[in-house]
Amino acid sequence: MSESALTQASPAMTNGAPSVAVPQPPPPANEIVDLDVIPGQIGHAILRASDGTILRPPSGNLTERDVGIVYRMLLEIGTVLEGEGLQRVTVGFRSVSYAIAFGGGDGCLYIVKKAKDK
C-alpha cells in the first residue's frame, strides 16, 4: 500500500508509545470520480483494487460479468493491483474497447467501456 493511502491514527505519541499508521478505505462511491462525463463511454464501473469489491455498479452496456472478467485479467497481469508498475490498460475488440485505470491514491480501479468508431 502506498504511503499516501496511510494516515496517522493519532498524534506522534500516544501514552508514550509511537503512533501506528492505519490504512484508510477508499472514499464512498458517491465521492469518486464522475465517469459519466467521459466522451463515447457506453458503460463504466469502479472497483476496490485490493479485492474487486464493486464500489459503483456497472452502468450502461457494461455488465457485472464484464467487470469480473476484466478484474480477473488484471489479477493475471499481476503487479497492477499492488500499486506498482502498470497504471492503465486498454483492451480493444472489433466493436468496443475497455479502458482500465488504477487510481493509486484512492485504491480504486476505474473501468470504462467505449464503442469503437465505425
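- In this structure, V67 and L62 have side chains that are in contact, with non-hydrogen atoms separated by less than 4.5 Å.
- When side chains are defined from C-beta on, L109 does not count as touching R48, because their heavy atoms never get closer than 4.5 Å.
- I69 and L74 fall into different hydrophobic clusters, where Ile, Leu, Val, Met, Phe, Trp and Tyr side chains are chained together by heavy-atom contacts under 4.5 Å.
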Margin query: Applying side chain to side chain contact (heavy atoms under 4.5 Å, CB included) to I46 and I111, what does each step give before you reach the verdict?
Written below: CA-CA 6 Å; I46 301 173; I111 302 172; over 6 Å; no
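- No donor-acceptor pair closer than 3.5 Å links the side chain of K113 to the backbone N or O of S97.
- Counting all heavy atoms, side chain and backbone alike, K114 lies closest to P39 at CE-O, 3.2 Å.
- Y71 places a side-chain N or O within 3.5 Å of a backbone atom of A49 that can act as its donor or acceptor partner.
- Residues passing the side-chain hydrogen bond (donor to acceptor under 3.5 Å, both in side chains) test with T63 are D66, sequence neighbours excluded.
- F102 is not listed as a side-chain neighbour of Y110, based on a closest heavy-atom distance of 4.5 Å or more.
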Next item on the list: Report the C-alpha separation of L75 and M73 in whole Å, then their side-chain angles, then the decisive distance to 0.1 Å, and conclude whether the side chain to side chain contact (heavy atoms under 4.5 Å, CB included) test is met.
Entry: CA-CA 5 Å; L75 288 175; M73 182 177 63; over 6 Å; no
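- Here the rule is side-chain contact (heavy atoms from CB on, under 4.5 Å) with H44, and of D36, I38, D34 only D36 fits it.
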Next item on the list: Determine, step by step, whether E64 and I54 satisfy the side chain to side chain contact (heavy atoms under 4.5 Å, CB included) criterion, reporting the C-alpha distance in whole Å, the side-chain angles of both residues, the deciding distance to 0.1 Å, and the verdict.
Entry: CA-CA 9 Å; E64 283 194 30; I54 295 175; 4.1 Å; yes
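- To the nearest 0.5 angstrom, C108 atom SG is 8.5 Å from L47 atom CG.
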Item checked: Steps toward side chain to side chain contact (heavy atoms under 4.5 Å, CB included) verdict (I100, V70) -> CA-CA 8 Å; I100 306 103; V70 167; 3.5 Å; yes
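- Here the CD1 atom belonging to I42 is positioned 11.5 Å from the NZ atom belonging to K116, to the nearest 0.5 angstrom.
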